[in-house]
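Step one of this worksheet: look at the structure below.
Chain A is the first sequence line, chain B the second, and so forth, proteins listed ahead of strands; every chain is numbered from 1.
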Protein chains: 2
Amino acid sequence: MSTARHASAPFTVDLVVLTALTSELAVLLEKGKGNSGRWTLPWRLPVRSESLNAVSGRLAVSAVGSKAAWIEQLGAFGDGRAHPSLVQLSVAFVAAVPHEMAGPERGFHWFPVRDLPPLAPRHRSMVEAAIERLRMAVDRAPIAFRLLPPRFTLTELQQMYELLLGKRLHKASFRRSLQAASLVTATDEWRSEGRGRPAQLYTFAPKRKNRPARGVRFDLLGGTGV
Amino acid sequence: MSTARHASAPFTVDLVVLTALTSELAVLLEKGKGNSGRWTLPWRLPVRSESLNAVSGRLAVSAVGSKAAWIEQLGAFGDGRAHPSLVQLSVAFVAAVPHEMAGPERGFHWFPVRDLPPLAPRHRSMVEAAIERLRMAVDRAPIAFRLLPPRFTLTELQQMYELLLGKRLHKASFRRSLQAASLVTATDEWRSEGRGRPAQLYTFAPKRKNRPARGVRFDLLGGTGV
DNA sequence: TCGAATTAGTCACTAACTGATACTAAAGTC
DNA sequence: GACTTTAGTATCAGTTAGTGACTAATTCGA
């Protein structure tokens with residue numbers, strides 16, 4: 001580790017902002033402030049007594065110009081992986097914003113996650129963790145809905161879920177479980193999108209329901225280092 | 001925030017060690033080092049250049065005397081909630097250990113989570129987050145198995161899951177999904193536990209299987225702040 | 001104008017899973 | 001030996017998930 005020591009708090013707050021680009025997940029990067037002009041995640045040395053949530057929220061606003069649709073702490077990253085600030089510890093946040101939302105501020109740029117420029121090792125592991133966390137969060141928070149405009153077609157919604165989850169979904173099953181969860185209500189508007197039959201527009205209007213509270217999910221155990 | 005400033009790293013690593021006490025979840029607390037003699041979570045000011053994982057691992061060993069059965073980073077906690085160290089930031093870890101394992105070291109004590117002594121606010125929120133995280137992790141990591149002795153009955157396994165999840169499970173369903181996941185193998189031993197029919201002993205012996213990869217879980221959306 | 005192509009939306013069928021109850025098995029207790 | 005207690009299994013009905021096939025409504029080109 002280096003010996004950098006400045007006035008402000010001794011750790012950085014870093015932010016992984018994700019969005020749905022055309023048909024791919026994308027991360028917001030900033031033209032590196034200091035050293036080599038490389039791209040970095042947006043980050044900041046918070047002043048003391050600022051709360052982590054406040055810092056990350058304002059960092060998001062300063063990067064995309066408005067409040068994030070979803071934001072959550074990822075965790076602390078350190079462990080010798082290099083960081084542009086030379087600070088030992090970074091607290092990372094994940095956020096998601098609709099791409100159409102007032103575009104990124106000057107100096108920021110969207111990069112598809114499959115084709116990122118070289119990043120500091122610590123930033124690279126943050127991006128990986130962020131994508132994983134987003135996929136976990138997608139069915140616990142209404143992220144997909146918040147990335148869409150207020151009125152959307154069910155096909156758009158399904159494509160958003162497919163993009164976020166990184167896998168194809170079956171149309172009939174998707175709509176059945178959407179129906180069962182009573183999360184959307186149909187409007188009386190239809191939108192014709194070029195070729196085929198027009199699609200009905202829906203709005204996000206969740207009605208509280210009790211969770212089913214299934215049993216144990218042993219099946220999830222198969223995956224990783226058992 | 002206070003103005004404490006010492007030589008070592010400017011944040012603490014704190015640990016929430018959980019175990020299955022008789023029929024309740026319990027947390028390991030330490031008799032407060034400094035101030036008021038209150039109980040605290042085990043914590044430490046790491047020396048620079050130590051990795052977070054290394055610090056938390058050794059912290060666990062120093063508290064319970066052996067390696068934790070499961071350990072995972074919870075996240076960073078700050079935000080003005082008081083901490084015994086007076087340091088601005090703490091990185092928290094959750095761990096689980098079998099209770100029978102070489103008991104806690106001197107100065108440490110198990111407390112049922114339903115009946116905790118007064119804790120620093122930051123520690124209290126760590127404990128809450130830890131329990132929630134444990135419940136999420138239970139069906140992604142073999143925590144229940146590692147909290148049991150190498151040979152166990154299926155009733156013991158079920159009771160461990162019930163304790164960790166904080167809810168009752170259905171016997172037949174539990175065994176059916178356990179079977180489907182092919183995680184245990186029967187031994188030819190049986191154990192008679194007082195009254196009824198003896199129970200067969202099993203060992204944890206997972207055979208890798210592919211995950212099922214279900215669709216979208218809209219049903220999970222009903223719960224919290226939508 | 002009439003089909004072919006295209007996209008939206010639904011149906012019906014099957015397989016799998018869940019939860020409940022009831023049952024058999026093997027031990028101890030009186 | 002009858003009764004109680006715990007382990008373990010079987011069966012059944014209701015629910016859910018995945019699949020392909022179907023109908024509906026529109027555009028495009030011949």
Self-check item: Interface residues of residues 153-166 of chain A with DNA chain D (non-hydrogen, below 4.0 angstrom)
Solution: none
Practice problem: Give the nucleotide from the list dG8(D), dA27(C), dG9(C) with an atom nearest to the side chain of R175(A). | Solution: dG9(C)
Quiz item: Is there a side-chain contact between V27(A) and L41(A) (heavy atoms, below 4.5 Å)?
Solution: yes
Quiz item: What integer distance in Å separates R191(B):CZ from dG8(D):C1'?
Solution: 16 Å
Exercise. Whole angstrom is fine here: how far is it from CH2 in W190(B) over to P in dA27(C)?
Key: 9 Å
Practice problem: Give the ring-plane orientation class for F204(A) versus F145(A), where under 30° counts as parallel, over 60° as perpendicular and anything between as tilted. | Solution: parallel
Self-check item: Close side-chain approach of F174(B) and V216(A), heavy atoms under 4.5 Å
Solution: yes
Quiz item: How would you list all residue pairs meeting side chain to side chain donor-acceptor pair (under 3.5 Å) that involve residues 190-200 of chain A, not counting sequence neighbours?
Solution: E156(A)-R191(A)
Quiz item: Of all residues at least two apart in sequence or in a different chain, which pass the ring-ring contact (aromatic ring centres under 6.0 Å, His included) check with Y202(B)?
Solution: none
Quiz item: Is L25(B) close to L163(B) at the side-chain level, that is, under 4.5 Å between some pair of heavy atoms?
Solution: yes
Exercise. Evaluate the side-chain proximity of W70(A) to V94(A): yes if any heavy-atom separation is below 4.5 Å, no if none is.
Key: yes
Quiz item: Rounded to whole angstroms, how far apart are CD on E193(B) and P on dT4(D)?
Solution: 22 Å
Quiz prompt | Candidates dA27(C), dT7(C), dT9(D) - which lies nearest the side chain of K171(B) | solution = dT9(D)
Quiz prompt | Options dT26(D), dG9(C), dT6(D), nucleotide nearest the side-chain atoms of S192(A) | solution = dT26(D)
Quiz item: Looking only at atom types and distance, does a side-chain atom of E24(A) sit under 3.5 Å from a main-chain N or O of V113(A), one as donor and one as acceptor?
Solution: no
Practice problem: Could you tell me whether Q200(A) contacts a base, only the sugar-phosphate backbone, or nothing, with contacts defined as non-hydrogen atoms closer than 4.0 Å? | Solution: sugar-phosphate
Exercise. With sequence neighbours left out, write down each residue that passes ring-ring contact (aromatic ring centres under 6.0 Å, His included) with F108(A), or none if nothing qualifies.
Key: none
Practice problem: Inspect the surroundings of CD in E132(B) and state if more than 12 heavy atoms from other residues, nucleotides or ligands are less than 6.0 Å away. | Solution: no
Self-check item: Plane angle bin for H109(A) and W39(A) - parallel if under 30°, tilted between 30 and 60°, otherwise perpendicular
Solution: tilted
Could you list the protein-to-nucleotides 28-30 of chain D atom pairs, N/O on both sides, closer than 3.5 Å?
residue	atom	partner	partner atom	Å
dC28(D)	O4'	R195(A)	NH1	2.8

Nucleotides 12-15 of chain C: which of its N/O atoms have a protein N/O under 3.5 Å away?
none

Quiz prompt | Value in whole Å for how far the P atom of dG8(D) lies from CD of Q179(B) | solution = 12 Å
Exercise. Please state how far atom CG in L178(A) lies from atom P in dA17(D), giving the value in whole angstrom units.
Key: 12 Å
Quiz item: Got F11(A) and V91(A) here, is their nearest side-chain heavy-atom distance under 4.5 Å?
Solution: yes
Self-check item: Atom pair distance, as rounded to whole Å: OH in Y202(B) and P in dA7(D)
Solution: 12 Å
Quiz item: What's the CZ-P distance between R197(A) and dA25(D), to the nearest Å?
Solution: 6 Å
Quiz item: From the list dG9(C), dG19(C), dT9(D), which nucleotide is the closest neighbour of the side chain of A199(A)?
Solution: dG9(C)
Quiz item: In terms of side-chain heavy atoms of H170(A), which of dG9(C), dG19(C), dG20(D) is nearest?
Solution: dG20(D)
Quiz item: Nearest nucleotide by nearest heavy atom, which residue falls closer to the 5' end of DNA chain D, G196(B) or L201(B)?
Solution: G196(B)
Quiz prompt | Value in whole Å for how far the P atom of dA20(C) lies from CZ of R168(B) | solution = 12 Å
